[in-house]
Amino acid sequence: MEFIADPWFYVVAIPTMLLVGISKGGLGLAGGLSVPLLSLVVSPFQAAAIMLPILIVMDFSAFLAYRRHWDRRQMRVILPAGLVGILIGSLIFGALSEDWIRVLIGMIAVGFVLHSFRRRTAAARPPTRAKGYFWGALAGFTSFVAHAGAPPLSVYLLPQRLEPAVLVGTSVMFFTVVNIVKLIPYSALGLLHLQNLSPSLLLAPVGALGIALGVWLRTRISTTLFYRLSYGLLLLTGGKLVYDGVRNLL
């Protein structure tokens with residue numbers, strides 16, 4: 001086992017795992033927070049690699065809960081598109097420098113926050129294949145780069161006003177498959193080695209603790225407050241990553 005020796009990594013990583021776990025436990029922010037925060041203390045490549053096995057373990061528990069509640073018709077559109085997005089992400093991820101990836105992840109993080117302020121429409125809108133292919137591919141791409149595919153997918157699914165269980169189940173099924181498929185290009189890019197997997201093993205119990213904490217907090221904390229604090233942190237983190245990446249590139 002090759003654990004990261006820098007204490008600042010754990011100062012950032014442990015609260016990050018708790019936040020991601022809390023969100024998976026019922027407060028709903030998902031994994032988009034993890035890679036931008038970890039990219040403050042390790043390279044974006046390593047941050048993404050460390051998070052992937054942890055997210056797969058978290059996805060498995062959600063899959064068991066929602067395996068009977070998902071829209072197969074939607075999946076026939078968004079899943080192939082998501083796989084195309086993964087392919088595009090792997091080509092870009094392998095071609096760009098760490099600083100360009102910092103800028104890209106920072107922009108995704110800021111976009112995640114801006115999406116949270118997007119006005120929701122009250123009326124259901126029928127899906128179209130064109131929209132499904134576009135947003136599914138974008139979800140696959142942002143998931144590959146920063147494990148932040150939830151906002152693009154929600155742009156497509158939310159206006160359809162699906163039943164809550166079907167909405168969550170479709171999203172869970174999509175990201176369960178997407179995250180498992182991501183193991184292939186991550187391995188091809190040389191990211192799944194002991195220096196990255198050892199921290200994953202060490203931090204996984206922290207994520208599990210966060211899930212239990214999220215279940216406990218779900219009825220005891222204001223969801224609005226949690227969202228505001230999380231989005232504020234993500235906005236600051238994304239802005240810093242963009243600044244650091246651009247500064248180094250210039």
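Keep in mind that the numbers below use all heavy atoms, side chains included, and drop hydrogens, waters and symmetry copies.
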Review item, side-chain donor-acceptor pairs of residues 8-18, under 3.5 Å, at least two apart:
from	atom 1	to	atom 2	distance (Å)
Tyr10	OH	Ile4	N	3.4
Tyr10	OH	Ile4	O	2.7
Thr16	OG1	Val12	O	2.7

Can you give each donor-acceptor pair under 3.5 Å made by side-chain atoms of residues 86-96, sequence neighbours left out, with the distance rounded to 0.1 Å?
from	atom 1	to	atom 2	distance (Å)
Ser90	OG	Ile86	O	3.4
Ser90	OG	Leu87	O	2.7

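Residues satisfying the salt bridge (Lys or Arg N to Asp or Glu O under 4.0 Å) test with Arg68, not counting sequence neighbours, are none. Among residues two or more places apart in sequence or in another chain, the side chain to side chain contact (heavy atoms under 4.5 Å, CB included) test is passed with Val246 by Val103, Val242, Leu250.
Around CE of Met107, the count of heavy atoms belonging to other residues, nucleotides or ligands within 6.0 Å does not exceed 12. In the displayed structure, Arg247 atom CZ is contacted under 6.0 Å by more than 12 heavy atoms of other residues, nucleotides or ligands.
Hydrophobic clustering of Ile, Leu, Val, Met, Phe, Trp and Tyr side chains at less than 4.5 Å, counting indirect connections, keeps Tyr133 apart from Trp135. Side-chain heavy atoms closer than 4.5 Å link hydrophobic residues (I, L, V, M, F, W, Y) into clusters, and following such links, even through other members, never connects Val77 to Val84. Hydrophobic clustering (side-chain heavy atoms under 4.5 Å, transitive across Ile, Leu, Val, Met, Phe, Trp, Tyr) keeps Tyr243 apart from Val41.
Sorted by first and then second residue, the salt bridge (Lys or Arg N to Asp or Glu O under 4.0 Å) pairs with a member in residues 51-63 read Lys24-Asp59; sequence neighbours excluded. Residues in residues 88-100 take part in these salt bridge (Lys or Arg N to Asp or Glu O under 4.0 Å) pairs, two or more places apart or across chains: Glu98-Arg102, Asp99-Arg102.
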Please step through side-chain contact (heavy atoms from CB on, under 4.5 Å) for the pair His69 and Glu163, ending with a clear verdict. CA-CA 9 Å; His69 304 280; Glu163 286 186 32; over 6 Å; no
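Pairing each heavy atom of Val110 with each of Gly238, the nearest pair is CG2-C, 4.0 Å.
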